A.B. asks: 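Starting off with a structure, shown below.
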Amino acid sequence: MKRILFLLGPNLNMVGIRDTGTYGTETAASINEQVKAWAQELGAELEIYQSNHEGDLIDKIHSAYGEKDGIMINAGALTHYSYALMDAISSVHIPTVETHMSNIGAREEFRRKSVISPVCIGTIAGFGKDSYYLGIKALLMHLAAKNETVKSK
């Protein structure tokens, strides 16, 4: 069973309450339950962790070293300026998928650049909560392909 850490950044605990025109009215707790159940159906153990504090997210990334097979992250607003998160992701050498419920490329100018994208294996954005399903699927496919490459050597 693959072990995945799903990190959610600042204000993502307020999904369903804040900016419902962008994020919808379904609550963060409901979405998290569904995503966790779906990951389990795919044979993955998903740990979900949300924090409004950059350092807590960094500590969680560091604690994943040697413990998790992959990371999925929606860093919220930290996506656009947190070089510390970027450094944490690159330091642990764990395949990481960046996800966003909204299409950050179609939003305000400051939201269009991600400083964490360069250290992630891919980015999925703009599909609402389905971005999380797609992120898990992509991460699992990457891990399976990586495992096949190792077996064939």
Side-chain angles (χ1 to χ4, degrees), residues 2-58 60-62 64 68-146:
K2 296 297 181 188
R3 299 162 300 164
I4 299 171
L5 174 62
F6 180 20
L7 295 173
L8 295 157
N11 300 309
L12 290 168
N13 58 311
M14 300 302 287
V15 167
I17 299 167
R18 81 179 257 259
D19 197 2
T20 56
T22 300
Y23 301 106
T25 57
E26 190 171 4
T27 67
S30 173
I31 292 168
N32 290 349
E33 286 176 25
Q34 293 169 55
V35 171
K36 192 169 189 171
W38 193 74
Q40 190 169 12
E41 286 178 28
L42 294 176
E45 177 186 296
L46 187 69
E47 176 186 354
I48 300 174
Y49 180 80
Q50 187 278 327
S51 180
N52 294 316
H53 306 282
E54 183 179 32
D56 291 345
L57 294 168
I58 292 166
K60 199 68 174 172
I61 292 167
H62 291 172
K68 302 295 182 187
D69 300 299
I71 297 173
M72 187 168 75
I73 184 169
N74 180 345
L78 295 172
T79 298
H80 316 294
Y81 66 86
S82 180
Y83 293 102
L85 269 181
M86 180 192 71
D87 287 345
I89 293 166
S90 67
S91 71
V92 294
H93 307 288
I94 299 171
T96 301
V97 172
E98 176 185 9
T99 59
H100 299 282
M101 291 178 70
S102 68
N103 178 356
I104 63 172
R107 295 191 63 193
E108 303 93 333
E109 185 65 36
F110 77 93
R111 293 188 197 273
R112 294 182 187 162
K113 178 175 173 36
S114 167
V115 300
I116 65 172
S117 283
V119 296
C120 293
I121 61 170
T123 301
I124 298 172
F127 297 99
K129 72 179 180 184
D130 290 343
S131 292
Y132 299 153
Y133 297 128
L134 294 167
I136 291 167
K137 185 70 173 172
L139 187 53
L140 289 173
M141 289 172 64
H142 173 81
L143 293 170
K146 185 175 160 183

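These figures come from a predicted structure and were not determined experimentally. Heads up: numbering here begins at 1 and tracks the sequence.
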A.B. asks: Would the number of heavy atoms belonging to other residues, nucleotides or ligands and lying under 6.0 Å from NZ of K137 be above 12?
C.D. replies: no

A.B. asks: When you compare the side chain of M101 with that of I31, does any pair of heavy atoms fall below 4.5 Å?
C.D. replies: yes

A.B. asks: What do the steps show when you test I89 against I61 for side chain to side chain contact (heavy atoms under 4.5 Å, CB included), and what is the final call?
C.D. replies: CA-CA 7 Å; I89 293 166; I61 292 167; 3.9 Å; yes

A.B. asks: Nearest 0.5 angstrom please: T96 OG1 to M72 CE, how far?
C.D. replies: 11.0 Å

A.B. asks: I need the minimum non-hydrogen distance between A75 and I116, along with the two atoms involved.
C.D. replies: CB-CD1, 4.1 Å

A.B. asks: May I ask you to test the V97-I121 pair for a side-chain heavy-atom distance under 4.5 Å?
C.D. replies: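 The answer is yes, as the side chains (C-beta and beyond) meet within the 4.5 Å cut-off.
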
A.B. asks: Taking ring-ring contact (aromatic ring centres under 6.0 Å, His included) as the definition, give me every residue that meets it alongside Y133, ordered by chain and number, with sequence neighbours left out.
C.D. replies: W38

A.B. asks: Of all heavy-atom pairs between L57 and G9, which one has the smallest distance, and what is that distance?
C.D. replies: CD1-CA, 3.8 Å

A.B. asks: For E47, run the side chain to side chain donor-acceptor pair (under 3.5 Å) check against K60, R3, K36 and tell me which one passes.
C.D. replies: K60

A.B. asks: Got a sec: does the CD of Q34 have more than 12 other heavy atoms crowding it under 6.0 Å?
C.D. replies: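 More than 12 heavy atoms, drawn from other residues, nucleotides or ligands, come within 6.0 Å of this atom.
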
A.B. asks: Using the salt bridge (charged side-chain N to carboxylate O under 4.0 Å, His left out) rule, collect all pairs that involve residues 116-131, keeping only residues at least two apart or in two chains.
C.D. replies: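 Salt bridge (charged side-chain N to carboxylate O under 4.0 Å, His left out) check on residues 116-131 returns E26-K129.
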
A.B. asks: For F6 versus L46, what's the shortest heavy-atom pair and its separation?
C.D. replies: CB-CD1, 3.7 Å

A.B. asks: Give a yes or no answer on whether the side chain of T27 reaches the backbone of G16 with a donor-acceptor pair at less than 3.5 Å.
C.D. replies: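 Between the backbone of G16 and the side chain of T27 there is no qualifying donor-acceptor contact (under 3.5 Å).
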
A.B. asks: Do I58 and H62 come within less than 4.5 Å of each other through their side chains, counting heavy atoms only?
C.D. replies: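 Touching, per the 4.5 Å side-chain cut-off.
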
